[in-house]
Amino acid sequence: MSALLSTVSLLLCLQGVPALDLFRVTRTPADAPIIPRVHCWCNSYPDTTLCSWPETSHEPHTHYITTYRERHGHPMTNNCLVIPPTPRSPSSGSSSSSDQEWLCQLSDLKLFTDYIINVTAVSPAGSSSFLSGLMMEDIVKPDPPVDVRVSLQNKRHLLVEWSPPSSWRDLEIFPLKYHIRYQWENRGSPKSVNLGPFESTSVELKGLSPGRQYQLQVCSRELMGLGSCSDWSSPVYITVPRTNL
Ligand SMILES: *[C@@H]1O[C@H](CO)[C@@H](O)[C@H](O)[C@H]1NC(C)=O
């Protein structure tokens with residue numbers, strides 16, 4: 001058994017998993033559930049940290065025990081409330097077939113504190129744990145801005161406006177900043193320009209080419225630069241009119 005454990009650890013090291021991540025397989029790999037592929041992020045600093053992992057459809061009798069505790073100091077273990085994926089109704093014909101995710105929310109995390117999260121998949125055949133260190137400040141990632149609008153100001157200027165993600169709770173104490181990406185095609189080759197950061201929720205774009213179609217997206221990031229920018233918002237398109245002067 002210990003030979004198996006060290007083999008697993010060695011393989012994981014070779015694959016470049018951060019040193020902080022520890023894994024343990026408690027049954028033979030053929031029987032035990034697969035180790036959950038857990039991804040954690042903080043979408044509202046410092047309130048809400050979420051962890052998710054994909055549903056494994058071939059292991060229907062698997063349930064999950066999710067706990068977290070401080071890495072140093074306080075030995076108390078907290079339970080993370082696990083929310084199962086919403087069952088897909090067969091009639092809906094939804095195209096997002098691959099996105100069945102388990103979710104759990106960690107509450108009351110302390111600032112600048114190392115935690116260890118343990119997501120254990122349990123099935124009749126055995127259990128497998130995913131263990132990882134996490135610190136909220138490293139994994140801040142807001143949701144994308146919403147309600148992105150673009151309008152023509154005069155013949156050559158565009159006004160881009162958006163709203164902050166509603167999941168980010170405290171814009172007063174922890175403001176967001178934003179980046180804009182606009183893209184177009186020039187004789188078949190894609191061009192892309194990133195602008196920002198902006199602390200406002202609107203920006204005027206100038207110097208655009210008449211007759212050209214632009215695709216605009218916005219992402220949001222914690223003002224001090226913690227973590228990373230959100231995913232890009234869904235694209236909005238506009239064509240700058242040709243001037244007939
Ligand atoms: C992870 O959680 C499982 C289930 O609660 C537990 O059996 C296991 O000992 C935990 N692992 C560690 C390293 O704390």
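Only this structure's heavy atoms are used, side chains among them; waters, hydrogens and symmetry mates stay out. Remember, it's 1-based here, ligands and their atoms both numbered in the order they're listed.
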Legend entry - Numbering as shown, the atoms of ligand 1 that approach I65 to under 4.0 Å (heavy-atom distance):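 That gives atoms 5 (O) of ligand 1.
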Legend entry - Atoms of ligand 1, numbered as shown, that sit under 4.0 Å from any heavy atom of N118: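 Once the distances to N118 are compared, the set is 1 (C), 2 (O), 3 (C), 8 (C), 10 (C), 11 (N), 12 (C), 14 (O).
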Legend entry - SG-SG under 2.5 Å, C80 vs C104: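 Correct, these two cysteines form a disulfide.
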Legend entry - hydrophobic_cluster_shared for I35 and V122, side chain cutoff 4.5 Å: no
Legend entry - E55 and W102 side chains, donor-acceptor separation under 3.5 Å: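 Side-chain D/A pair, W102 to E55: present.
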Inset, instruction - Would you check the N or O atoms of S129, main chain and side chain alike, for any that come under 3.5 Å of an N or O of ligand 1? - result: no
Inset, instruction - Mark yes or no for whether T49, through its side chain, and L106, through its backbone, hold a donor-acceptor pair below 3.5 Å. - result: no
